[in-house]
Each structure stands twice: as C-alpha cells, then as structure tokens.
Protein chains: 2
Amino acid sequence: MTDQDNRPRDARPIGVFDSGLGGLTVVREIREKLPGEDLVYLGDTARVPYGARSSETIVRYARACGRSLARHKIKMLVVACNTVSAVALDVLRVDLDMPVLGVIEPGARAAVAATRTGRVGVIGTTSTVASGAYPRAVSSLATKADVVSIAAPLLVPLVEEGWLEGEVPTLVVERYIDALRGASVDTLVLGCTHYPMLRPVIERVARRTLGESTRVVDSAEATANELAAFLEERGLASAKQRDGALKITVTDRPQSFGAVAERFLGHSVGDVEVVDL
Amino acid sequence: MTDQDNRPRDARPIGVFDSGLGGLTVVREIREKLPGEDLVYLGDTARVPYGARSSETIVRYARACGRSLARHKIKMLVVACNTVSAVALDVLRVDLDMPVLGVIEPGARAAVAATRTGRVGVIGTTSTVASGAYPRAVSSLATKADVVSIAAPLLVPLVEEGWLEGEVPTLVVERYIDALRGASVDTLVLGCTHYPMLRPVIERVARRTLGESTRVVDSAEATANELAAFLEERGLASAKQRDGALKITVTDRPQSFGAVAERFLGHSVGDVEVVDL
C-alpha cells in the first residue's frame, strides 16, 4: 500500500450518464468495485428512451447531459448507455475535455476474452444494433471474431415495468434469442444496461437455445472493471476506500425514479434532484 | 344535399397530433369517415413516448407541436393522444385560438352510451391513468357510472414492435385485464390510440376474462365520429367528398415512421417530412 499511497489521488466525483435508469446497473457494479468513489448520476428521463432515435438526436441530447454533469466538477464521465456509447463518445470527449468511458469497448473486450469459437452474439436496442458499434469494437480487438447482433426492443419496457421473471419475459427473450439459433455463437453480450436485470432469464434461455456452455457477458460489469483499472493507472482514484456518495439527478419524474432506483440498487438513494437541460 | 350546399365550407386541413404513431389509428378512422378532408399529421417521434412523463413536460411538448401544426393553416386540431388529451387541451385551445378536439371525451361518451351496468373499465398509459381523465370525463356525463382504470405500459412497445397476435401479446393483455376481474365492468375503453392495433387480442381476452358480453370501445373511432358531427355543425367541413390529402410530419426518423405508417393505414403515405420544433 505504501507505493499506492504516494500516487496522486483525486477526490472529485465520477459522472455517470444514461438516457434513463438502465445505467443504474453500471452504478451498482461501480459501487461494488470502487466503494470509495463519489458518483453523480444523470438519467435523462424526460427524453428516454433513446434506443429508437436518430444518431443526430442522440448526440444533441448527450451533449446537453454531459454539460449538466460537468457542472458537478466531475473528474471523468462514464456513459452507462450503449446507445449513446455507440455514437457520441468522441463528441463528448471534445466537448467536456475529460476522459469519457463508454460501455461498448469494455463489453466487446470481455466478449473477446470469453469466446472460444470467435463467434459472439449481441442483443441490444434498435439503435445500438443499427450503429454496428459492437461488430466494429470486436473486430478492432480480434480480427478473427464474428459478431451477430439482434435488436430486442421489448426488453427495456419489460425491465421498466418490473416484469423480470416468469412466463412473459421468458417468451419475449426466447423469441429474440431464437433468431441467434444457427449462428453458432458461444458468447452472448448483454448490449444494453437494462438487460442485467433480466440476466437470470436471458442466461437460462441462452443456455437452452444456444447450448449449455454459452457464456453471457454483462457490459455493466466489464465497464466497472475497466473503470477501476483506468482510475488506478491515471492516478485518478479516490483516497477513500468506502462510503462513496451517490447523487442522482434526472430530467423528469424524480419520485418514481427514486423508487425504481432503490429496486435496481437494493438500497435507499435519498432525494432525487430534477435538472433542466 | 341542397341544404348542405348552402352552408359555409372550409377547405383548410385538419391538424392531427400524437406523440408518435398511435394517432395514426385516429387518422385511419377520420379518413374512413371524412374522406374529403385534408389532414396534416405530426408525430413527435424525437420525444415519444409521452406516457410516463410529468404533466408539465407533456404540456411543454404539446405547445411546441401545436405551434408546428398551426403553420400549416389548419382549421382545427385533433389531439390523437390520450396522454396529451388528459392534460393539455385547454392550454392548446388558448395557445392556438382554434377548436381542439381530444380523444378522451369522445371515448368517455361512447363508453357511457355502451354500458348497461354503469361500470366501465379503462386501459391506458401510466400517465393517462394517473391523470384521472377518464373517471372525470365519465362522471361529468353520467353521475351513476363508475370507472376502474388500469395502466398497461407494455402494450405500446408491443404495437411498435409489430407483435399484434400470438402468445406474447395474449399473455401480456391477460396479465393487465386480469386486474379488472372482480370489478364487474361490462365495457372496456381502449384508452390509448395504439391499442386498436391490438383490438382482436384485447377483445378476445376481455370476453374470456370479464364476460362474453363485454363491449370494447375504441376512442379513435369515437373521436372520428365526433369530429364529423363537429365539422358539420360549425360549417367547417370540406366541400370535397373524397381524395383528401394526408401529409405526415415527424420530429425524428422519417423513413422508419413511413414504413410503420403504411402498416397502420394500409396504404402508401408518400414522403414523411422532418420538422424541428
């Protein structure tokens, strides 16, 4: 520890941005991995979901959200949303002039590490799939890997409705994953930060449909791991080892967001603040 | 016809506004009932869905959309969206200084006409149900009627995904309508303009769950009927008896909207124009 104690430390919070509440699965993983970091979360609940919007619109929304989080003097930004990570990371890096970490590269790297056959499946929103971001990220890491992507637009509304187990989510997941049958993938990436809430169902269906040894990769978990390594390398980690604060801001409906956030995180979240972008 | 021919006629188009594409079910009914009227549609696809937003946000969006349609020199506005009809009609009437017809009052009137027991069920979005607009509209029409409302947030994503028949929509509809079992309703209002696309499933489940004689009331159809009567009374009807034009404008993703619009309307819709609000 002596060695580490001499490194620079940075007490500023980390900004975490998502179009809605899906990014809370990333917050959950970050708090587990980095319990001393202060976090400021912004959920753009007035304009969620981004999943079916054009990339021009997503970039415009993301810039406004990035500027709102920058007012909290954050040391870096985590874009906890696959849709935004697919199209807006570079714009945000230039706009905010700080490190910006998305969820797609960590997810792609974890998938490349997990696959043995080089055939990777991805499920995500319409916009993430249309962007081709996962195939691009995977092929930049492993020239021999192939990615098959499937849009699964009903999974986000299912999570937001809280239908996480039982017949309906199972049938919906089956219908989507069935489209990967015959693609011979051995690894399935949850390419949307809402999906970890459905992980038990997705894992069960994937193993039954695609083969018992199918590996499910959670991009939220992969992102928290890369974030921890990044902060340590750059000397940006907090000196605190625990009791990191979490401040949640949204653009609409703070009460109902607070209630769902408590379900996602498993603990109370205090007052949720409304910001006007 | 001689009598009618002496009445004033108005060739200006009718504006039809929805947060997305659900309002196209209202367009379909209007075109069937009033084939000579020119229509300008605005779908606010950049910000859809409105269903879970706060009423302040909905009013703000509705005003911007109303102003956009007013630029087309419309003679009146039909708000083909239950969520907006529940909270923004009065604001729009003042803002635009023209007649504004929503979908809730026509739906409520049709329900009161249909019910024999005075017990009416309504399914709608979270925001429409929370607004209490249907109970209020029904009780202003019939003091002895009772309304039981159920939020059914997954039905809109199902329609947008095009899953209109089969196991998944049936199970989802069953789960929602099951909450009305024991409420002794004899009439069920489709309190969202997306739902007519699921009408066969909803009708089947409602009859099985709530009783064979359950009547399903479609607010889109009721609205077109009231619109026809209103135009005739006020001398605002078009002189044309057919070949009314339909112009579709959206705030995002015109291509995919055009494709879905053709599925909703059953005919080609020409170029969909993007407007910036």
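By convention in this document, chain letters (A, B, ...) are assigned in the order of the sequence lines, proteins followed by strands, and residues within each chain are numbered from 1. Reckoned from all heavy atoms, side chains included, excluding hydrogens, waters and symmetry mates.
Enclosure of atom CZ in B/R207 by more than 12 non-hydrogen atoms of other residues, nucleotides or ligands within 6.0 angstrom is indicated. Around the CZ atom of B/R28, the shell of radius 6.0 Å holds more than 12 heavy atoms that belong to other residues, nucleotides or ligands.
Of the two parts of A/T45, only the backbone, made up of N, CA, C and O, holds a non-hydrogen atom closer than 4.5 Å to a non-hydrogen atom of chain B. Neither the backbone nor the side chain of A/Y50 comes within contact range of chain B; no heavy atoms are under 4.5 Å apart.
Note that OG of A/S127 is 7.0 Å distant from CZ of B/R253, once rounded to the nearest 0.5 Å. A distance of 8.5 Å separates CD in A/E167 from CD in B/E174, rounded to the nearest 0.5 Å. With values rounded to the nearest 0.5 angstrom, B/E160 atom CD is found 10.0 Å from A/T126 atom OG1. Interatomic distance, OG1 of B/T57 versus CZ of A/R47, reported as 10.5 Å (0.5 Å rounding).
The candidate from A/V172, A/T251, A/L154, A/V168 with the greatest count of non-hydrogen atom pairs under 4.5 Å with chain B is A/L154. Per-residue heavy-atom pair counts under 4.5 Å with chain A were compared for B/S256, B/A151, B/S54, and the maximum is reached by B/S54.
Of all heavy-atom pairs spanning A/V48 and B/P49, the tightest one is O-CD, 4.0 Å. Across all non-hydrogen atoms, the minimal contact from B/P153 to A/E161 is CG-OE1, 3.1 Å.
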